[in-house]
Structure formats: structure tokens, C-alpha cells
Amino acid sequence: MPVLSSDQFNGQELDMQTVNLVEAKAHLSRLVDQAMQGEPVRIMRRGKVIAQINKITRERKPVDLNALRSLTANMTSQSVSARDMVRDMRDEARY
């Protein structure tokens, strides 16, 4: 996002919620939830914007199926299913 001086607008300011710092401290959880829903929030101190809360989109790396198959192909198969192994470990810990 380009840096704008305090007297410039890029159009997003009109539909973006702005709160003062005291209100942001009191309602931070609600403001974070709102930002996670895609509604950014600007925080002001003494009439000037000092911070903005935005949703972060994380990039997901694609899985290389050939590498995964070559890795798992060399693994020895287990004689006991994972379900049974976890149940046995759980039962042994109880008694």
C-alpha cells in the first residue's frame, strides 16, 4: 500500500472504521475479529491515524506429490494400525 500523507485519500478511508486509541484498547478483541472478517480498522491518536489492523492472507505452498510419494514409498508399513496403537498407549497409561 503506498504511503499517503495525512491530507491524501485513496478511497478506502470512507468505508474503513476508525477508532481512537482508548476505544481500541478497550475493544481490541472485537476489532481483531472484525479485521479477520475482512473489515480493516484504523486507530487514531490525537486525531491522526497511527495504526491499522488488517486481515493477513497466508500463502499456501503447493504439495509436491511426487516428492511425497517417493518419501512414503520407502517407509516400512506398520503391523498395528495407528488407531490401535494410540488406544494401547492410552490404556497402558491409565493402569
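What's counted below: heavy atoms across the whole structure, side chains too, no hydrogens, waters or symmetry copies. The first residue of the sequence shown is numbered 1, and numbering continues consecutively from there.
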*Decide side chain to side chain contact (heavy atoms under 4.5 Å, CB included) for Gln34 and Gln17; before the verdict, give the C-alpha distance in whole Å, the side-chain angles of both, and the deciding distance to 0.1 Å.*
CA-CA 10 Å; Gln34 183 177 330; Gln17 181 180 1; 2.5 Å; yes

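- Residue Met85 places its CE atom among more than 12 non-hydrogen atoms of other residues, nucleotides or ligands, all under 6.0 Å distant.
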Indicate every side-chain donor-acceptor pair of residues 73-80 with a distance under 3.5 Å to a residue at least two apart or in another chain.
{"from": "Asn74", "atom 1": "ND2", "to": "Ser70", "atom 2": "O", "distance (Å)": "3.4"}

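- Through side-chain heavy atoms spaced under 4.5 Å, either directly or across other Ile, Leu, Val, Met, Phe, Trp or Tyr residues, Val49 is tied to Met44.
- Note that CZ of Arg69 is 9.5 Å distant from CG of Asp64, once rounded to the nearest 0.5 Å.
- Glu23 meets the salt bridge (charged side-chain N to carboxylate O under 4.0 Å, His left out) test with Arg30; sequence neighbours excluded.
- For Ala35, the side-chain contact (heavy atoms from CB on, under 4.5 Å) partners are Ile53, not counting sequence neighbours.
- Shown are Thr18, Asn20, Leu21; of these, the side chain to side chain contact (heavy atoms under 4.5 Å, CB included) with Ile43 is made only by Leu21.
- Both Leu28 and Val41 belong to a common hydrophobic cluster when Ile, Leu, Val, Met, Phe, Trp and Tyr are linked at side-chain heavy-atom distances under 4.5 angstrom.
- Hydrophobic side-chain contacts under 4.5 Å tie Val86 to no other Ile, Leu, Val, Met, Phe, Trp or Tyr residue.
- By the criterion of side-chain heavy atoms lying less than 4.5 angstrom apart, applied directly or through intervening Ile, Leu, Val, Met, Phe, Trp or Tyr residues, Val32 is not grouped with Met16; the two fall into different hydrophobic clusters.
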*asked:* Could you walk me through whether Gln37 and Lys55 satisfy the side chain to side chain contact (heavy atoms under 4.5 Å, CB included) test, starting with their C-alpha distance in whole Å, then the side-chain angles of each, then the deciding distance to 0.1 Å, before giving a yes or no?
replied: CA-CA 7 Å; Gln37 297 297 321; Lys55 178 181 180 178; over 6 Å; no

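- Residues that satisfy the side-chain contact (heavy atoms from CB on, under 4.5 Å) test with Leu68, not counting sequence neighbours, are Val63, Thr72.
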